[in-house]
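The shown structure was predicted, so the numbers you read here are calculated from the model rather than taken from an experiment.
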Amino acid sequence: MRTILKRIALCLVPVLALIALLHVMGFVVTPSASYTRLMMHELYTEDPPDVAFVGASRFYRGVDAQAISAQMGARVFTLASSSQDMIDSRFLMEEMDDGHAPRLVFLDVGGNRLYADDEIRSSQILIDYFRPSLNKLRYFVSAFGPADYLVGLFPGLRYTSREEPFFSAENLRNVRRKLRPEYRAYLPTAGNNGGEWYVGDGFVYDDTKLLGRTDDFEIDQSWGPGGFDERQLGYAREIAARCAQNGTRLVLLNMPVPLVSLRAAVQYDAAAVQLRELAAALNAGYVDLNLIRAEAFPRDDALFADGVHLNGAGAGRLAPVLARLAEDCLSGEVSAPDGLLYPSYPAMMAALGP
């Protein structure tokens with residue numbers, strides 16, 4: 001019996017050593033300036049939100065939760081990460097709802113959130129920072145296929161570059177940043193990344209200004225009529241069912257993009273009809289802030305970072321609009337306030353001119 005146990009131990013030693021090595025590798029190469037890490041820490045350690053904005057980068061760059069909280073007198077939080085798909089939002093909401101469901105959820109339906117099949121990259125960004133739980137296990141099994149299990153479990157395998165040596169100067173700087181007190185204490189300064197930085201409550205302030213730039217310009221081409229991806233649609237239904245079960249109001253929300261992007265979306269109204277029909281099927285509200293009137297939010301390039309994202313100044317200008325919208329939704333009107341939006345895409349284009 002002892003011989004068998006000794007053999008088992010001898011087999012386990014190299015396996016455990018390999019696992020330890022992979023964890024060390026992850027510590028070295030996983031970027032230190034992670035907004036998601038800070039957002040998830042706040043989600044777990046601070047008061048649960050009354051109002052949650054759940055979605056991708058248009059939300060975490062465009063929703064100044066602290067400014068909205070100050071105007072509403074309610075706890076507002078943005079649960080968003082890069083390229084976050086419906087599968088990610090679905091399991092992230094379960095993580096948020098544990099013990100306290102918000103009164104109102106705005107769900108991001110901008111870009112290709114419902115049109116494209118989910119990619120594991122968006123789940124890789126989030127799942128590393130989930131606490132161990134059955135929800136995390138279900139998320140892992142749903143998001144990753146067997147071929148992706150290793151990169152799902154060990155971040156070091158994702159971030160290791162064949163072009164860059166493991167002990168490169170950048171990786172060594174990354175380790176030094178992780179050893180600083182502000183990183184270990186989850187201070188917002190640990191999320192600084194050049195011209196953008198983590199403010200708190202899920203909001204990232206971006207100092208970039210579009211200002212007529214055309215170089216490396218990202219125009220939103222995802223708007224157009226066509227069927228929703230069934231897998232994405234299934235997770236949207238699960239989100240709606242969870243909100244209904246918890247007594248949470250659900251509003252599908254599209255964030256504003258600059259005029260240059262809107263003018264490229266010639267089939268905008270046809271796509272918007274699909275989203276309104278989806279909202280009705282989910283028993284949810286639908287608000288399209290791309291149709292916002294200029295007097296409520298000016299279409300100024302200085303308020304956008306690129307073709308799809310608001311910058312920090314734009315988020316600040318939009319905060320009163322989002323606060324008013326949230327207050328109206330909480331009071332029972334799950335729609336945009338009267339006079340806030342143009343009635344249609346053609347009406348907006350006609351009013352704004354060429």
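A salt bridge does not link Glu95 to Arg131: none of the charged nitrogens lies less than 4.0 Å from a carboxylate oxygen.
For Gln84 and Ser122, the side-chain atoms include no donor-acceptor pair closer than 3.5 Å. Looking at Ser133 and Asn135, their side chains never bring a donor and an acceptor atom within 3.5 Å of each other. Of the N and O atoms on the side chains of Asp288 and Tyr268, at least one donor lies less than 3.5 Å from an acceptor on the other residue. If you check the side chains of Tyr286 and Glu277, you find no donor sitting under 3.5 Å from an acceptor.
Listed by chain and residue number, Gln71 satisfy the side-chain contact (heavy atoms from CB on, under 4.5 Å) test with Pro320 (two or more places apart in sequence, or in another chain). For the side-chain contact (heavy atoms from CB on, under 4.5 Å) test, residues two or more places apart in sequence or in another chain that qualify with Asn246 are Asp97, Ala101, Arg242, Thr248. For the salt bridge (Lys or Arg N to Asp or Glu O under 4.0 Å) test, no residue two or more places apart in sequence or in another chain qualifies with Glu327. For Ser69, the side-chain contact (heavy atoms from CB on, under 4.5 Å) partners two or more places apart in sequence, or in a different chain, are Val76. Annotation: salt bridge (Lys or Arg N to Asp or Glu O under 4.0 Å) contacts of Arg173 (sequence neighbours excluded): Glu170. Shown here are the salt bridge (Lys or Arg N to Asp or Glu O under 4.0 Å) partners of Asp201, two or more places apart in sequence or in another chain: Arg75. Taking Glu295 as the reference, Arg293 meet the side-chain contact (heavy atoms from CB on, under 4.5 Å) condition, with sequence neighbours excluded. Under the rule for a side-chain hydrogen bond (donor to acceptor under 3.5 Å, both in side chains), the partners of Ser82 that lie at least two apart in sequence or sit in another chain are Tyr60. Arg276 pairs by the side-chain hydrogen bond (donor to acceptor under 3.5 Å, both in side chains) definition with nothing, not counting sequence neighbours. Residues satisfying the salt bridge (Lys or Arg N to Asp or Glu O under 4.0 Å) test with Asp128, not counting sequence neighbours, are Arg158.
Under a 3.5 Å cut-off, the side chain of Asp64 and the backbone N or O of Ala319 do not form any donor-acceptor pair. No donor-acceptor pair closer than 3.5 Å links the side chain of Glu182 to the backbone N or O of Leu187. At distances below 3.5 Å, at least one donor-acceptor pair connects side-chain atoms of Asn290 with backbone N or O atoms of Val257. Side-chain atoms of Asp306 come within 3.5 Å of backbone atoms of His309 as a donor-acceptor pair (strictly under, hydrogens ignored). Using a distance-only test at 3.5 Å, with no hydrogens or angles considered, no donor-acceptor pair links the side chain of Thr78 to the main chain of Phe59.
When all heavy atoms are compared, the tightest approach of Leu79 to Met39 is CA-SD, 4.2 Å. Residues Ala296 and Leu340 approach most closely at CB-CD1, 3.7 Å, considering heavy atoms. When all heavy atoms of Ser83 and Asp88 are compared, the closest pair comes out as O-OD2, 4.3 Å. Across every non-hydrogen atom of Lys178 and Tyr183, the tightest pair is O-CD2, 3.2 Å. Here the closest heavy-atom approach between residue Leu341 and residue Leu289 is recorded as CD2-CD2, 4.1 Å. The minimum heavy-atom distance between Arg249 and Cys329, with the atom names listed, is CD-O, 3.1 Å.
Atom CG of Leu318 sits about 9.5 Å away from atom CG of Leu303, to the nearest 0.5 Å. For the atom pair CZ (Arg90) and CD (Glu238), the distance works out to 4.5 Å, reported to the nearest 0.5 Å. One distance of note links OG of Ser89 with CD of Gln232; it measures 9.0 Å at 0.5 Å rounding.
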Note to self: Between Met255 and Leu310, is the side-chain contact (heavy atoms from CB on, under 4.5 Å) condition met? List the steps.
What the structure shows: CA-CA 9 Å; Met255 293 289 281; Leu310 291 165; 4.0 Å; yes
Next item on the list: Take Ser142 and Tyr235 through the test side-chain contact (heavy atoms from CB on, under 4.5 Å) and record every step on the way to the result.
Entry: CA-CA 11 Å; Ser142 299; Tyr235 286 117; 3.7 Å; yes
Check: Under the side-chain contact (heavy atoms from CB on, under 4.5 Å) criterion, do Lys209 and Asp301 qualify, and how do the steps go?
Finding: CA-CA 7 Å; Lys209 291 181 176 63; Asp301 281 358; over 6 Å; no
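Under the 4.5 Å side-chain contact rule for hydrophobic residues, Ile125 and Tyr186 do not share a cluster. Note: the hydrophobic cluster containing Tyr44 also contains Tyr198 (ILVMFWY, side chain heavy atoms under 4.5 Å, direct or indirect links).
Sorted by first and then second residue, the ring pair (Phe, Tyr, Trp, His ring centres under 6.0 Å) pairs involving residues 64-91 (not counting sequence neighbours) are Phe91-Tyr139. The salt bridge (charged side-chain N to carboxylate O under 4.0 Å, His left out) analysis of residues 136-150, with sequence neighbours excluded, yields the pairs Glu94-Arg138.
For Arg317, the CZ atom sits in a loose shell: 12 or fewer heavy atoms of surrounding residues, nucleotides or ligands are nearer than 6.0 Å.
Between Phe203 and Tyr205, the two ring planes are perpendicular [angle over 60°; tilted spans 30° to 60°].
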